[in-house]
2 protein chains.
Amino acid sequence: MTGVRETNRTRTTATILSAARREIAEHGGSGLSMRAVARQVGMVSSAVYRYFPTREALVSTMIIESYGNLAAALAEVTATDPAARWRELARAMRAWTLANPHEFQLIYGTPIPGYVAPPETIPAAASAARPFLEVGSRHAVGAFDELRLTAQMGEMTALVAGAQPSGAAAVLAELAALVGMLTLELAGHFVGSADPADHLVEALLDRQVATLGLTS
Amino acid sequence: MTGVRETNRTRTTATILSAARREIAEHGGSGLSMRAVARQVGMVSSAVYRYFPTREALVSTMIIESYGNLAAALAEVTATDPAARWRELARAMRAWTLANPHEFQLIYGTPIPGYVAPPETIPAAASAARPFLEVGSRHAVGAFDELRLTAQMGEMTALVAGAQPSGAAAVLAELAALVGMLTLELAGHFVGSADPADHLVEALLDRQVATLGLTS
DNA sequence: GGAAAGCAAGAGCAGTGCTCTCGGACGTGC
DNA sequence: GCACGTCCGAGAGCACTGCTCTTGCTTTCC
């Protein structure tokens, strides 16, 4: 019956995805091989194409999964004081990134050449950014209070009740700062200077809570 | 005679590199194909391996070239007032990045899985960071003035006369912020919010000159 | 029971990085 | 002038890749 078929199908899909996850953890996103995935699940490669019509489709699904994993890691944060909460969110993001570097690079790293993010990834990306927006965009931030910039923040402020446009822009910039720091840390750019980067990150967080006006 | 042979060799090497540059501009770093490069220079692929023993060696050489190109773009900046100079350096970096996205991703993007930066790239990377350090690390920055962090800044402050350890750390963080913003912009993460990102970047620069104490 | 749909397997195509062997061109020592 | 060694491009070949197409078995539907 249909229900069972559906179940089998989604189960096989899940098996393939978890095998792909293991592959990516070892060889990175750009090194993901459909044939290697097939081998892991005990299929021949052409069978995998029944479930994912293309390598890119598999990767896209994994990107959405990874956004979900990151969002779940952020949801574990319990601190309520704004400054403390921002710090904990950032630390959780860093911890998740260091534990799952290839997943981080899947979502924030170099897109595979020719890759265009499918629209389904946009809400997934938003779910990872939302916790930061919720705690960080409550106050206006002077440096980001420029008309043509705040005019672009409509969709961002709609995500979060009580968000200030300039605050949302500032959060965007601070998220970019976080992503940049993690990118450079993962790529080893701090070797010879701020390596390990723990202290640099903590100083960044001090600066961020000050910039965002999260007095604690 | 030896001199001529050397000349032929370096000329062929240069030809290969420029073909590889064109390939990367079109297909990205991870899509660089030794055979496609060979085709472009009218050789068979095995001949290319006389000049670059491995694909990774070709990429490494291109990474160093790209650092040089970025450093050259930064060297065009003439502003002398510290705040203006920081802004101009950042704008030059962004302009170079938008004009050469694949080269940017070559140096600051996801490393090819299994890739470890060869030691030759370290001075090349430093030459791109130096102009920012020179203008931005002259003042101490409170949020980055922590002992265990400033203790890591020895190599950085040695690069630049009169650099403050906390200022150098702050510059490192601000460079990461810049890289993060450019990474997200290139990957299309701002589509739907700060796209185009011009205004967000300008606001970021306002915030950066304030953080670094570059009163203008 | 027969038609239809679902799905795994296998062969095959065009591409990849890389290796190895061959053969011609060239500079050098005698 | 001739042999030697070194350089270097060409070609074949190996193991791999993403992806397609055909074949045949199994399960579901009526």
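So that the names make sense, note that chain A is the first sequence line, chain B the second, and so on, each numbered from 1.
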A:M34 side chain: which of D:dG18, C:dC18, D:dA10 is closest?
-> D:dG18
Round to the nearest Å and state the distance from A:I16 atom CD1 to C:dA8 atom C1'.
-> 11 Å
Gap between atoms CG and P, on A:N8 and D:dT26 respectively (whole Å) = 16 Å
Does a donor on one side chain and an acceptor on the other come within less than 3.5 Å for B:T211 and B:R207?
-> yes
Quickly work out the A:R9 CZ to D:dT28 P distance and round it to whole Å.
-> 15 Å
Between C:dG17, D:dC16, C:dT21, spot the one nearest the side chain of B:R55, thanks.
-> C:dG17
Rounded distance in Å - CZ (A:F52) to P (C:dC7) | 13 Å
Which nucleotide in the list D:dA12, C:dG15, C:dG17 gets nearest to the side chain of B:R39?
-> C:dG15
Looking at B:H102, B:Q40, B:M62, which one forms a side chain to side chain contact (heavy atoms under 4.5 Å, CB included) with B:E23?
-> B:Q40
Identify the residue among B:L172, B:L175, B:V179 that makes a side chain to side chain contact (heavy atoms under 4.5 Å, CB included) with A:L184.
-> B:V179
May I ask you to evaluate whether A:R35 reaches the phosphate of D:dC19, defined as a side-chain N or O under 4.0 Å from OP1 or OP2?
-> no
Check whether any side-chain nitrogen or oxygen of A:Y49 sits under 4.0 Å from OP1 or OP2 of C:dA8, and answer yes or no.
-> no
Hey, does the side-chain of B:T54 have a donor or acceptor N/O within less than 3.5 Å of a partner on the base of C:dG17?
-> no
Taking C:dG10, D:dA10, C:dC7 as options, the one with an atom nearest any side-chain atom of B:M43 is D:dA10
Base, sugar-phosphate, or nothing: which does A:Y51 touch, judged by heavy atoms less than 4.0 Å apart?
-> sugar-phosphate
Output yes when B:R148 and A:D198 qualify as a salt bridge under the 4.0 Å nitrogen-oxygen rule, no when they do not.
-> no
Would you indicate what A:L58 reaches in the nucleic acid, counting non-hydrogen atoms under 4.0 angstrom: base, sugar-phosphate, or nothing?
-> nothing
Please give, in whole Å, the distance from D:dG18 P to A:E23 CD?
-> 10 Å
For D:dC8, take OP1 and OP2 only and decide whether either is under 4.0 Å from a side-chain N or O of B:T12.
-> no
Which of the following nucleotides, D:dG9, C:dC7, C:dT16, is nearest to the side chain of A:R50?
-> C:dC7
When you check the gap from the basic side-chain N to the acidic O, do B:E88 and B:R85 get nearer than 4.0 Å?
-> no
Classify the nucleic acid contact of B:S45 as base, sugar-phosphate or nothing, counting any heavy atom under 4.0 Å across all strands shown.
-> base
Contact class for A:S33 (heavy atom, under 4.0 Å): base, sugar-phosphate, or nothing?
-> sugar-phosphate
Could you tell me the separation between the CZ atom of A:R11 and the P atom of C:dC7, rounded to a whole number of Å?
-> 12 Å
Nucleotide nearest B:A47 when distance is taken to its side chain, options D:dG9, D:dC19, D:dG11 | D:dG9
